[in-house]
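Beneath this line is the structure, given in structure tokens, with notes to follow.
Residue numbers count from 1 along this sequence. What you are looking at is a predicted structure, and each value in this text was computed from that prediction instead of being measured.
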Amino acid sequence: MTHHIRKARFAPAMDGPHRVGCYLRVSTGRQAESDLSIPDQRKQVHAFCAAKGWLVVGEYVEPGASATDDNRPAFQKMIERAGDDDHPFEVIVVHSYSRFFRDSFGLEMYVRRLAKAGVRLISITQELGDDPAQVMMRQVIALFDEYQSKENAKHVLRAMKENARQGFYRGSPVPLGYTVEEVEKRGARIKKRLAVDSVEAETVELIFRLYRHGDGTFGPLGVKALTCWLNERGHRTRAGARFGVATIHGILTNRVYVGEWVFNRRCSKTLAEKPKAEQIPISVPAIIDPAEFEAVQATLKAHNPRATPARVVTGPILLTGLATCTTCNGPMTLRTGTSKSGKVHRYYSCSTHGRMGRTGCTGRSIRMDTLDTLVTDHLVTELLQPDRLRATLASLWSLRAEEATQVDGRVAALRGEVTGADEKLKRLYRMVEEGLTDLDEILKERLATLKQERDRAKAALDRIQVAERPPAEIAPELIERFDRLMGENVTMGEVAFRKAWLQAIVDRVEVGANVICIVGDKASVEAAITGRGASNVAGVRSSVRKWRTRHDSNV
């Protein structure tokens, strides 16, 4: 008869010297930085082990981590080490069970997991044994710890919500373009609010401007192209890192830039959005004009591949998405045909007729180059007239003059800040040199603050680009030159520019048997003539192919 012997781990008897792993934890980073709780726990735990004659072989410190779950790096490292084959320690010592876990189920699960590895959990302030009564007492203590944790969280959230209602900053990550400034002090607590950072705010304005209008060399930039543009020119995040696509998209969709900041919007653990009644709006200074922000949101929505296919935006066909059949109101799509000589001809044809035959529509076709030429020539003739151009450019000149005035005022204010900070620094330096005051900590802090204000204003001055002022009157040769350049670009320029311009001013091109009707919005004509109307449908790709695991489309 063969006997199989199964190896088992047994909890060690606690009557001899043992190797100990210590676990020390505080709930918040502020407690860890104050250097009070962790040293106190360490002192008491080491004293307890010394009195027992136990050897401390490992210490695991968790500064600023909640014990309501096991998402704690030091905790997980300790648990994994406890189960290693070399049995590094037989005991884990904590100040109290609440330091180990504040969830009754989690505490019992890990206590049993440690027991299977031959490791006991001991609290120096709640010493309990392994008999059923004391196990039950440990479970009751865990329930009270869990209840207390939830009650504390409820009261803390209530205080935070009240603080948010008063418009104060609540400690979440500060969006790019803003900084935190102290506004008042209540006892030992300092109340803060968000304020616009003049240097970072210009980066935010630049991002929105590039997405809407581009950099002047081409049409509006897409999110990816905008990210590359910023990184190539040395723009960096607050942390000094390169911008990413997700970061730029987050900036473009963040409503804090129009003064709408919301506290308690999502659950911190599940990230699920909370009911509107629990959300607290906080008023902050706006950086972006609301109309500009909403226009960007409309463009982002239009660029969603579920809303607008990429071929409509960046395809080579000029009137994709615009040409329609007047008989069935269906779209006109590209059809090709080959003549007897072998020449390929392209036609806009009714898609309904192509799919259903004459039962759906009698059908209509027109050569692609013919329709493209008819539409563009007509628009150039009607829109690029000297009188219309003169009025449009005069409006544009007036707008640029207003913007230049605002920039001049900002430059003057920044120069005043630099001069004022320099004068204050000189006075303080003179007082120190003449022995009128000592260079104490308060004066050092004041000097550092003044230098910071001066450097911030100088940096803002360096970032401002002073544009050339427009002339008071528009010369006829300027109108003629503008007319010629726009006509060439619209009729013979790149397809991306021509499509963007057409999409901005034309809603649809109705192709009938004898008449072609161009339908558009008159309000957008002025913007389109000046190159600002291509923002709704920009010359950027709206969607890309998904990655193919077989590499058949991404060789």
Side-chain angles (χ1 to χ4, degrees), residues 26 28-39 63-64 163-164 166-206 230 233-243 247 251 256-257 261 282-287 407 409-466:
V26 290
T28 65
R30 183 178 299 174
Q31 290 176 338
E33 292 173 0
S34 64
D35 203 35
L36 296 175
S37 183
I38 290 291
N163 202 46
Q166 298 179 23
F168 296 119
Y169 166 68
R170 282 309 320 144
S172 58
V174 179
L176 184 71
Y178 291 93
T179 185
V180 178
E181 64 177 9
E182 299 179 2
V183 291
E184 64 178 273
K185 192 172 184 180
R186 298 179 182 176
R189 297 185 178 274
I190 298 176
K191 298 298 182 180
K192 303 177 181 179
R193 281 197 175 97
L194 284 188
V196 175
D197 184 290
S198 57
V199 176
E200 292 185 356
E202 291 180 1
T203 302
V204 174
E205 293 172 348
L206 175 65
L230 293 171
R233 287 159 178 79
H235 293 273
R236 295 294 181 264
T237 64
R238 181 182 291 128
R242 292 175 177 268
F243 282 100
T247 304
I251 292 174
V256 69
Y257 296 117
W261 201 23
I282 304 176
S283 177
V284 297
I287 295 178
V407 171
R410 176 164 173 73
V411 169
L414 289 172
R415 287 174 178 168
E417 291 182 19
V418 172
T419 303
D422 282 334
E423 291 178 353
K424 291 178 181 178
L425 286 170
K426 290 178 181 178
R427 286 198 297 268
L428 290 176
Y429 290 146
R430 191 179 301 111
M431 291 173 63
V432 173
E433 290 176 353
E434 296 175 357
L436 300 177
T437 184
D438 295 328
L439 191 61
D440 55 11
E441 294 300 323
I442 297 178
L443 186 56
K444 289 181 180 179
E445 183 178 352
R446 178 57 178 162
L447 288 171
T449 302
L450 287 173
K451 288 180 181 178
Q452 185 178 6
E453 292 178 356
R454 181 194 61 187
D455 294 342
R456 176 191 57 79
K458 284 184 176 180
L461 277 173
D462 294 338
R463 297 284 295 275
I464 291 180
Q465 296 181 357
V466 181

Indicate the atoms forming the closest heavy-atom contact of [X] with [Y], along with that distance.
{"X": "P285", "Y": "L194", "value": "CD-O, 3.6 Å"}
{"X": "Y178", "Y": "V256", "value": "OH-O, 3.0 Å"}
{"X": "P173", "Y": "W261", "value": "O-CZ2, 4.5 Å"}
{"X": "G177", "Y": "I287", "value": "O-CD1, 3.5 Å"}

Paired with D422, the salt bridge (charged side-chain N to carboxylate O under 4.0 Å, His left out) test is passed by just one of R427, K451, R454, namely R454
Measuring from [X]:[atom1] to [Y]:[atom2], what's the distance to the nearest 0.5 Å?
{"X": "L176", "Y": "T203", "atom1": "CG", "atom2": "OG1", "value": "6.0 Å"}
{"X": "T237", "Y": "E200", "atom1": "OG1", "atom2": "CD", "value": "9.0 Å"}
{"X": "K426", "Y": "E433", "atom1": "NZ", "atom2": "CD", "value": "12.0 Å"}
{"X": "R242", "Y": "R236", "atom1": "CZ", "atom2": "CZ", "value": "4.5 Å"}
{"X": "T419", "Y": "E417", "atom1": "OG1", "atom2": "CD", "value": "10.0 Å"}

Practice problem: Check for a donor-acceptor pair, side chain of R238 on one end and backbone N or O of V174 on the other, with a separation under 3.5 Å. | Solution: yes
